[in-house]
Each structure stands twice: as C-alpha cells, then as structure tokens.
Amino acid sequence: MLDNLSKAEFVSVCVQDPRLHKDDLWHTHVDYEICLHTNSMCFRKKTSCVRRRYSEFVWLRHCLEQNALIIELPKLPPWNPFFSLRNTQQVSQRMKGLQEFLDGVLHTPLLLSDSRLHLFLQSDLSMAKIEKCALGKTRYTVAEAIQLSNRVYISRLEDKGSCDSDCESSSSSSGLGLSVDTPMRGSPLPFFESSDRDPELFSCHSTSTLIEP
C-alpha cells in the first residue's frame, strides 16, 4: 500500500510572489511566479518556475476551451476594473483564484495533452511564440523551448538563415519573456513598501494534484 502511494503521480503548483512592472510612463502591470513540482511523465521538467500575468491566464483558458468542448473548465478570478495594485487583499484573492484555476486544469488529464499548457507553465515564451511553437512554426520544438528556455539559445535558432514565418522585428527577436499585449516588460518595481509587505503574499501554500490513470 505504502509502495503504491510513493509511486503515485502528482503535480504540485504554486502561484506566488507578485511583482509590479512599469511598461511605460502611464502603464504598469503585475505578474506572478508559477512554481511547478511533479513526478509525472506528462511533463518535460520535474521542477520549474516562470512568471505570468493575468491576461496570459485569460489567453490560456481561451486556448484550452477550444480543445475541451465537452469539459467544463475551471474559472479564473473575475476581471476587476477597480483592481488596486496596492490592495493586498485583492492581490491575495487573485493569486488564490489563479492557483485554483491551475489546480483544476492539472486535475483534468485530457488537458495535459495540450502543448500550449506545457509551454505556458514551463517556458518563458510569449503567448504569440507559444502559439507558433505549438503549430510547429518555429525553429525550435516544444521540448527544446521547455528544456532550453533562454534567450541566447532560442535567439540563435531564430537568427539562422533568412527570415521565415517566425521572424519578427529586431526589437523582439527572441520573443522570450514578453507579454502578448505589451512590447516589453519593464524592470520589476517594489510591489509594496517594506512596511506594507504582507508575508502571506510572498509565501505559498502549494497544493498537490494526484493524476489518475
């Protein structure tokens, strides 16, 4: 019995560490760290950490919805027009909702076959690059994007030869670490002043999902 439990496949996901980024003089956004730990054969990496923003979660759900016609997808925390970057309760509730969404997705075996989900969770590719990579329109494979997700390696692959269907302007040639709706992410800013930091926002009570055969 204990031996069977030790061999059970699991996926543990954690959404934590919100960071504020300044895109330009007037626009800012928050992204969150997604840490994944698993022993499942479904994943290329057994541990990984990436950063994603709320709009990218919305994109992911839309993609999964296209392939999950008979499956009721978990919901995302609702978009809040009055969302305040300095309201610790709102930020904490959003992180909790994002983690519950990922828990629900990872608990649905059929969704684990979508390569866009794996690239979302385990690579730094932008949404546009994820879409192209999943369709085989990049010089790197899904496995390469996950295992060797760094600007130098991917950029070298993209720079080989003439401009192809994956070629973009020089301002975003690598496409890594970029959001689909912003030209580039600015340097992270302190999310809260030191006296305002809520320890709960920077720690995570991760949950494990057993993958049923």
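Atom CG of L73 and atom CZ of R61 lie 5.0 Å apart (nearest 0.5 Å). Separation of atoms SG (C42) and CG (L111) is listed at 11.5 Å; rounding is to 0.5 Å. Between atom CG of residue L60 and atom CG of residue L98 there is a gap of 11.0 Å, rounded to the nearest 0.5 Å. Taken from CD1 in I34 to CE in M95, the straight-line distance is 12.0 Å, to the nearest 0.5 Å. Here the CG atom belonging to L117 is positioned 9.5 Å from the CD1 atom belonging to I130, to the nearest 0.5 angstrom. With rounding to the nearest 0.5 angstrom, the SG atom of C133 is 6.0 Å from the CG atom of L125.
With hydrogens and angles disregarded, no donor-acceptor distance shorter than 3.5 Å links the side chain of K137 to the backbone of A134. In this structure, E56 contributes its side chain and R53 its backbone to a donor-acceptor pair below 3.5 Å. In this structure a side-chain-to-backbone donor-acceptor pair under 3.5 Å is present from R51 to D17. A distance-only check finds no donor-acceptor pair linking the side chain of Y54 to the backbone of R94 [under 3.5 Å].
Under the rule for a ring-ring contact (aromatic ring centres under 6.0 Å, His included), Y32 has no partner lying at least two apart in sequence or in another chain. Residues satisfying the ring-ring contact (aromatic ring centres under 6.0 Å, His included) criterion with F57, sequence neighbours excluded, are F120.
A 4.5 Å side-chain heavy-atom check between N80 and Q90 finds at least one atom pair inside the cut-off. The shortest distance between side-chain heavy atoms of C35 and Q16 falls below 4.5 Å.
Within 6.0 Å of CZ on R44 lie no more than 12 heavy atoms contributed by other residues, nucleotides or ligands.
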Please tabulate, one pair per line, all N/O donor-acceptor pairs under 3.5 Å involving side-chain atoms of residues 62-71, not counting sequence neighbours.
| unit_1 | atom_1 | unit_2 | atom_2 | d |
| --- | --- | --- | --- | --- |
| H62 | NE2 | Q66 | NE2 | 3.2 |
| N67 | ND2 | D114 | OD2 | 3.0 |

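Between F10 and H37, the distance separating the two ring centers is shorter than 6.0 angstrom.
For S40 against E9, the heavy-atom pair with the smallest separation is OG-OE1, 3.4 Å.
Here the rule is side-chain contact (heavy atoms from CB on, under 4.5 Å) with L36, and of C49, S48, C14, S12 only S48 fits it.
No chain of hydrophobic side-chain contacts below 4.5 Å, direct or via other Ile, Leu, Val, Met, Phe, Trp or Tyr residues, connects L110 to V13.
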